[in-house]
Amino acid sequence: MNQWLTVENLSKRFGGIHALDSFSCHFGQGEVVGLIGPNGAGKTTFFNVLGGMLPADGGSIRFCSKQLVGQSPHRIAHFGVARTFQNLRLIRQVPVIENVMLAFRHQSGEHLVPLAIRWKKVRAQESENHEKALAILKKVGLLEKADDLADALSYGQQKLLTLACCIASDADLLLLDEPLAGVSPVMIDIVLEKLRELKNAGKTLVVIEHNLEVIMNEFDRVIFMDSGRKVCEGLPDEVRNDPRVIEAYLK
Amino acid sequence: MEYLLHILILIGIYMMLSSSLNLVAGYAGMLSIAHAAFYGVGAYTVALMSLNLGTPFLLNIICAIVVCGLFGAVVGIPSLRIKDDYFIIAAFAFQIIAFSIMNNWVSFTKGPMGLPGIPQPNLFGWEISSYPEFLLLTVIMCVVCLLICRRITHSPYGRVLQAIREDEDFALSLGKNVAGYKISVFVIAAMLTALPGALYATYISYIDPSSFTVDESIFIISIMIIGGAGRFLGPVLGAIVLVLLPELLRFVGMPNSIAANLRQILYGAALVACMLWRPQGLVGRADVLRK
Ligand SMILES: Nc1ncnc2c1ncn2[C@@H]1O[C@H](COP(=O)(O)OP(=O)(O)OP(=O)(O)O)[C@@H](O)[C@H]1O
Ligand SMILES: [Mg+2]
């Protein structure tokens with residue numbers, strides 16, 4: 001297993017709560033890893049610390065030989081880390097397509113100097129991105145909603161849209177926080193299909209998930225955490241039958 | 001006729017002021033109450049330079065833009081890197097301090113007596129002195145200012161500003177340098193106030209601190225909100241409506257002493273009416289100011 005993303009002794013406290021307690025794990029490129037554990041286990045906190053949204057209290061995160069601890073969130077995103085949020089985040093008052101276009105990296109029109117003196121280039125890139133955004137929306141089945149406000153989408157469609165944003169960002173590492181929670185059964189199949197497509201495209205996916213069926217069928221590997229610690233990891237089958245996992249869910 | 005031209009020039013000045021504020025407050029969602037202070041810094045820079053140094057108008061404007069930008073950076077950089085709450089306080093503090101300096105540093109700004117006799121502008125040999133000429137200058141400045149605003153708002157940069165207004169964390173997670181955007185747009189807006197500042201100082205040919213008070217900032221904010229914050233055309237329309245509204249009062253024969261007070265009431269009423277029936281402003285989308 002190549003050490004593409006290595007997390008060592010990551011710690012995060014909120015007052016007396018150890019949301020992450022010497023949490024260590026590693027991910028190989030192209031893996032689809034399930035991150036599971038009871039409520040309050042620290043899963044979302046792990047994503048927040050990994051993405052730089054919360055400062056770590058200790059430990060290290062090495063991603064493609066870069067140290068992520070101590071970096072600002074936008075730098076980390078630029079390294080190729082994208083995420084979705086458990087409490088859906090989108091720019092609701094702008095059209096769906098604008099959300100996707102926002103997600104592209106390296107847009108020259110986002111900087112003032114090219115905006116002032118290289119307007120032609122900015123315009124050209126913008127129309128190129130517009131086409132790309134339409135293609136992505138088509139892929140996730142939101143093409144006919146492209147010009148609606150993001151707010152007007154159903155919950156499941158909004159989750160698809162956040163996935164579309166991840167696709168647009170072309171990140172290599174995707175952190176998906178419960179992408180299926182609250183989504184209708186029909187929509188679940190669509191989302192799962194998109195996840196498989198992302199895997200086939202060589203992306204690395206870390207997915208927080210509670211649904212046992214999904215855990216068993218979709219993930220290459222599962223990490224089980226509780227109280228901020230990694231309890232065990234392995235193939236979905238192994239983790240499912242691990243006595244410590246069963247105990248954690250019973251307590 | 002001159003009266004009409006005067007009103008049109010005023011409308012132009014407020015269009016520039018509220019459109020530049022709109023970049024910061026309407027698009028990026030940071031309500032700054034210091035806009036009149038920057039406007040004052042621009043006006044005083046132009047007035048002091050032309051009175052004391054006799055430098056040409058264009059150079060004065062350029063210096064005013066730079067000075068406004070520097071003050072914008074001084075206010076914005078420390079506060080916007082931390083939290084929006086600090087920014088609101090820093091902007092308010094700057095408004096108060098800038099006014100105090102204009103009002104109290106008598107040896108430099110002449111204090112409440114103001115600066116009379118500001119020379120009329122001269123652009124490449126074009127002496128601007130009559131009303132139509134000032135209107136032409138206003139139109140030129142307005143077009144430049146609005147073109148800059150439009151370039152900014154209708155671009156990927158403007159899209160990021162809106163994203164910051166709606167959800168900073170989402171923008172961060174997509175790799176946008178949120179603090180950088182906030183600071184840069186705030187500095188740009190401050191720089192843009194130099195244009196109406198220069199115009200006002202040379203057009204009226206007299207400035208005193210009372211034109212750059214908190215009240216003036218609130219008036220600029222009202223124009224933006226009533227017109228429609230976060231829309232390019234919002235402040236344009238808002239400036240027309242709010243500058244014309246009190247003039248209409250005068251038209252129906254209201255004595256000046258009453259009209260002046262009624263003006264304040266009218267602005268208040270217009271704001272309240274807006275909040276009740278069109279919180280998005282005259283041309284705005286719904287919910288832009290929800291947060
Ligand atoms: N910003 C915060 N401030 C204080 N405490 C927090 C904060 N974020 C998380 N916590 C606490 O840290 C612990 C871990 O929370 P976290 O959200 O990471 O859990 P989770 O595994 O994502 O749970 P869930 O399955 O419910 O989403 C919880 O006890 C939570 O109350
Ligand atoms: Mg969670």
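A, B, ... follow the sequence lines: proteins, then strands. Residue 1 opens every chain. Remember, it's a predicted structure, so these values are computed and weren't measured experimentally.
Neither the backbone nor the side chain of I148(B) has a heavy atom closer than 4.5 Å to any heavy atom of chain A. Only the backbone of A116(A) comes within less than 4.5 Å of a heavy atom of chain B; no side-chain atom from C-beta onward does. Looking at E126(A), the atoms closer than 4.5 Å to chain B (heavy atoms on both sides) all sit in the side chain, from C-beta outward. Contact annotation for F104(A): only backbone heavy atoms (N, CA, C, O) come within less than 4.5 Å of a heavy atom of chain B.
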From CA spacing to verdict: side chain to side chain contact (heavy atoms under 4.5 Å, CB included), Q107(A), R159(B): CA-CA 11 Å; Q107(A) 299 186 50; R159(B) 187 161 55 220; 2.9 Å; yes

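R83(A) contributes no side-chain N or O that, together with a main-chain N or O of S173(B), makes up a donor-acceptor pair within less than 3.5 Å. No donor-acceptor pair under 3.5 Å is formed between the side chain of K176(B) and the backbone N or O of E110(A).
Between the side chains of Q93(A) and R165(B), no donor N or O sits under 3.5 Å from an acceptor N or O.
Note on L112(A), V122(A), I76(A): by heavy-atom pairs under 4.5 Å with chain B, the leading option is L112(A). Of the listed residues (G109(A), A77(A), A103(A)), the greatest number of heavy-atom pairs within a distance under 4.5 Å of chain B belongs to G109(A).
Pairs engaging residues 165-177 of chain A under the side chain to side chain donor-acceptor pair (under 3.5 Å) rule: T44(A)-D177(A), D170(A)-K203(A) [sequence neighbours left out]. Pairs engaging residues 128-148 of chain A under the side chain to side chain donor-acceptor pair (under 3.5 Å) rule: none recorded [sequence neighbours left out].
Atom-to-atom distance recorded for I188(B):CD1 and L115(A):CG is 8.5 Å, nearest 0.5 angstrom. The CZ atom of F170(B) lies 5.5 Å from the CD1 atom of I91(A); values are rounded to the nearest 0.5 Å. Interatomic distance, M53(A) CE to E168(B) CD, rounded to the nearest 0.5 Å: 10.0 Å. D167(B) contributes atom CG, which lies 8.5 Å from atom CG of L90(A) (distance to the nearest 0.5 angstrom).
The environment of OH in Y86(B) is sparse: at most 12 heavy-atom neighbours from other residues, nucleotides or ligands sit within 6.0 Å. Atom CZ of R118(A) is surrounded by 12 or fewer heavy atoms from other residues, nucleotides or ligands within 6.0 Å. Counting non-hydrogen atoms of other residues, nucleotides and ligands closer than 6.0 Å to CZ of F79(A) gives a total above 12. For R151(B), the CZ atom sits in a packed shell: over 12 heavy atoms of surrounding residues, nucleotides or ligands are nearer than 6.0 Å. With a 6.0 Å radius and a threshold of 12 heavy atoms from other residues, nucleotides or ligands, R123(A) has its CZ atom at or below the threshold.
Close approach to chain A, defined as a heavy atom under 4.5 Å from one of its heavy atoms, is seen in no residue of residues 57-76 of chain B.
Partners of A190(B) by side chain to side chain contact (heavy atoms under 4.5 Å, CB included), not counting sequence neighbours, listed by chain and number: F38(B).
At a threshold of 4.5 Å between non-hydrogen side-chain atoms, the residues D169(B) and R89(A) count as touching.
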